[in-house]
2 protein chains.
Amino acid sequence: MQKEHNLSKNQKIIFDLIDKSGEPMKAYSILFNVQKKGIKAPLQVYRALDKLVEIGKIHKIESRNAFIACQNSSCQVSKATAFSICESCENVSEISNSKLSKYLSNFSDDSGMKYSKYNLEFFGLCKRCKSK
Amino acid sequence: MQKEHNLSKNQKIIFDLIDKSGEPMKAYSILFNVQKKGIKAPLQVYRALDKLVEIGKIHKIESRNAFIACQNSSCQVSKATAFSICESCENVSEISNSKLSKYLSNFSDDSGMKYSKYNLEFFGLCKRCKSK
DNA sequence: TTATAAATGTTATATTATTACATAACGTTA
DNA sequence: TAACGTTATGTAATAATATAACATTTATAA
Ligand SMILES: [Zn+2]
Ligand SMILES: [Zn+2]
Ligand SMILES: [Zn+2]
Ligand SMILES: [Zn+2]
């Protein structure tokens, strides 16, 4: 069961935009798109993004400096994220694979470190781009 | 067997610096440290970094925008990287675990995508920081 | 040698993200 | 409701990260 978070005004505007776009969006592209709604400064965007990441509504694609809406409806996994990224068309999708997430969540090595969080990014060619 | 790459002058200066530091270094900190060796501009640093990443001598820690020397002596894994990152002291080390790398290299899902590369970053508290 | 690719040097600029400070709105509980 | 602490907002300035464009030089190899 996911905790309900009441998004603030700016958070809602920015989440809706990212969610509707369906693809990773960059901070300044978000800024450009929400200026007509009164959000004028980078910091307003970054603050909303920080919060949305924190509560798991969006994730940051680190290799792309971009943000995508969480695609796992029942997302306990804001701390356990995996993505596939097409290096040709830049399509990104969130991997939802319980075996993978179990394997990684339970992973431990001999370093004595307890892992509480991970982010995995796979790269390759998507079906469409492969067949070109 | 890893291919020998003859590093160019700038590549060697920058690799040696990163390698000796033993920890992730940021591009502009690298720049500052090599200015006395005649490397004056960001682009000179970024070009060397790009090449060193390409040939697997260093890796980029995406979540930190920093670069660390490869810690796997026999590194075929420039396209299959895993790191553990302490969120308290920011210590980073490269995970060398053949089960993990096999599991991830062979991973496939029903998306029809063939993954040729991955990067995994684990977060948590290292032994030292845990016991504080 | 001659051509090709790889690397370098330099200036300017683009992109991504944070600091600092002031104010306003919200949620809790006395 | 009043007071308090927390969260969110507004705004300006600036820091940090990364690339574009162009000229030149050096290495590799046919
Ligand atoms: Zn998610
Ligand atoms: Zn594609
Ligand atoms: Zn390595
Ligand atoms: Zn630590």
Side-chain angles (χ1 to χ4, degrees), chain A residues 3-18 21 23-68 78 85 87 90 92 119 121, chain B residues 3-18 21 23-68 78 85 87 90 92 119 121:
Chain A
K3 192 186 168 204
E4 256 313 312
H5 287 279
N6 298 317
L7 301 183
S8 73
K9 175 170 142 278
N10 287 0
Q11 288 159 16
K12 187 161 186 347
I13 290 169
I14 287 172
F15 174 72
D16 286 348
L17 176 67
I18 299 173
S21 97
E23 53 185 30
M25 293 192 75
K26 302 198 146 216
Y28 278 73
S29 153
I30 292 167
L31 176 58
F32 178 79
N33 278 278
V34 296
Q35 275 176 335
K36 50 196 159 200
K37 304 222 173 187
I39 295 175
K40 296 176 196 160
L43 190 48
Q44 294 175 293
V45 172
Y46 281 106
R47 283 198 284 224
L49 291 173
D50 283 351
K51 185 68 183 189
L52 292 167
V53 166
E54 185 192 324
I55 64 180
K57 301 280 287 180
I58 66 173
H59 305 299
K60 183 171 187 180
I61 309 299
E62 292 287 358
S63 64
R64 298 299 186 261
N65 297 319
F67 300 85
I68 193 168
S78 83
I85 302 172
E87 291 186 292
E90 292 294 324
V92 171
N119 179 55
E121 297 180 3
Chain B
K3 194 190 167 200
E4 254 315 310
H5 288 277
N6 297 317
L7 300 184
S8 73
K9 175 170 142 278
N10 288 0
Q11 289 158 16
K12 187 162 185 347
I13 290 169
I14 286 172
F15 174 72
D16 285 347
L17 176 68
I18 299 173
S21 97
E23 52 186 30
M25 293 192 74
K26 302 198 148 216
Y28 277 73
S29 152
I30 292 167
L31 175 58
F32 177 80
N33 278 279
V34 297
Q35 275 177 334
K36 51 197 157 197
K37 303 222 172 187
I39 295 175
K40 295 176 196 161
L43 191 48
Q44 294 174 294
V45 173
Y46 281 105
R47 284 196 284 225
L49 290 174
D50 283 351
K51 185 68 182 187
L52 292 167
V53 166
E54 185 192 325
I55 65 181
K57 300 281 286 180
I58 65 173
H59 305 298
K60 183 171 187 180
I61 310 300
E62 292 287 358
S63 64
R64 299 298 186 263
N65 296 321
F67 301 85
I68 193 169
S78 83
I85 303 171
E87 291 186 293
E90 292 293 324
V92 171
N119 179 55
E121 296 179 4

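So you know, we letter chains A, B, ... as the sequences are listed, proteins then strands, and number each from 1.
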When the distance from [atom1] of [X] to [atom2] of [N] is rounded to whole Å, what number comes out?
{"X": "A/Met25", "N": "C/dT15", "atom1": "CE", "atom2": "C1'", "value": "15 Å"}
{"X": "B/Phe15", "N": "C/dA7", "atom1": "CZ", "atom2": "C1'", "value": "19 Å"}
{"X": "B/Ile13", "N": "C/dT8", "atom1": "CD1", "atom2": "C1'", "value": "11 Å"}
{"X": "B/Phe67", "N": "D/dT17", "atom1": "CZ", "atom2": "C1'", "value": "9 Å"}
{"X": "A/Glu62", "N": "C/dT16", "atom1": "CD", "atom2": "C1'", "value": "12 Å"}
{"X": "A/Leu31", "N": "D/dT9", "atom1": "CG", "atom2": "C1'", "value": "15 Å"}
{"X": "A/Lys12", "N": "D/dT9", "atom1": "NZ", "atom2": "C1'", "value": "18 Å"}

From C-beta outward on [X], which listed nucleotide comes closest to its side chain: [options]?
{"X": "A/Asn10", "options": "D/dA20, D/dT9, D/dA18", "value": "D/dT9"}
{"X": "A/Leu43", "options": "C/dA20, D/dA18, D/dA20", "value": "C/dA20"}
{"X": "B/Lys26", "options": "D/dT17, C/dT8, C/dA17", "value": "D/dT17"}
{"X": "A/Tyr28", "options": "C/dA17, C/dA20, D/dT17", "value": "C/dA17"}

Pairwise distance [atom1]([X]) to [atom2]([Y]) - rounded to 0.5 angstrom:
{"X": "A/Leu49", "Y": "A/Lys26", "atom1": "CG", "atom2": "NZ", "value": "13.0 Å"}
{"X": "A/Ile61", "Y": "B/Glu62", "atom1": "CD1", "atom2": "CD", "value": "11.5 Å"}
{"X": "A/Asn33", "Y": "A/Ile13", "atom1": "CG", "atom2": "CD1", "value": "12.0 Å"}
{"X": "B/Lys60", "Y": "B/Asp50", "atom1": "NZ", "atom2": "CG", "value": "8.5 Å"}

Task: Those residues of residues 32-40 of chain B lying under 4.0 Å from DNA chain D by at least one heavy atom - done: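 Residues of residues 32-40 of chain B under 4.0 Å from DNA chain D: none.
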Open item on the list: Under a 3.5 Å distance rule, please check whether B/Gln44 uses its side chain to pair with a backbone N or O of B/Asn10 as donor and acceptor.
Closed with: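 Side chain of B/Gln44 to backbone of B/Asn10, a donor-acceptor pair under 3.5 Å: no, none is there.
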Open item on the list: At a heavy-atom distance below 4.0 Å, what parts of residues 44-53 of chain B sit against DNA chain C?
Closed with: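 Under 4.0 Å from DNA chain C: B/Gln44, B/Arg47, B/Lys51.
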TODO: Please name the pair of heavy atoms, one in A/Val45 and one in A/Ala27, separated by the smallest distance, quoted to 0.1 Å.
DONE: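 Heavy atoms of A/Val45 and A/Ala27 come nearest at CG1-O, 3.8 Å.
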Task: Minimum-distance pair of heavy atoms, taken over all atoms of B/Ile85 and B/Val92 - done: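 Shortest heavy-atom separation between B/Ile85 and B/Val92 comes out as CG1-CG2, 4.0 Å.
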Open item on the list: Between A/Leu7 and A/Leu52, does the side chain to side chain contact (heavy atoms under 4.5 Å, CB included) criterion hold? Intermediate values first, please.
Closed with: CA-CA 9 Å; A/Leu7 301 183; A/Leu52 292 167; 3.9 Å; yes
Taking only N and O in the side chain of [X], is any of them less than 4.0 Å away from OP1 or OP2 of [N]?
{"X": "B/Ser8", "N": "C/dT8", "result": "yes"}
{"X": "A/Lys9", "N": "D/dG10", "result": "yes"}
{"X": "A/Asn65", "N": "C/dA17", "result": "yes"}

Task: B/Glu121 and B/Arg64 ion-paired at < 4.0 Å - done: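 Salt bridge flag = no for B/Arg64 with B/Glu121.
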TODO: Take A/Glu23 and A/Ile18 through the side chain to side chain contact (heavy atoms under 4.5 Å, CB included) test and state the conclusion after the steps.
DONE: CA-CA 7 Å; A/Glu23 53 185 30; A/Ile18 299 173; over 6 Å; no
Open item on the list: What contact category does B/Lys60 fall into here, base, sugar-phosphate, or nothing, at under 4.0 angstrom with non-hydrogen atoms?
Closed with: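 Counting heavy atoms under 4.0 Å across all strands, the contact made by B/Lys60 is with sugar-phosphate only.
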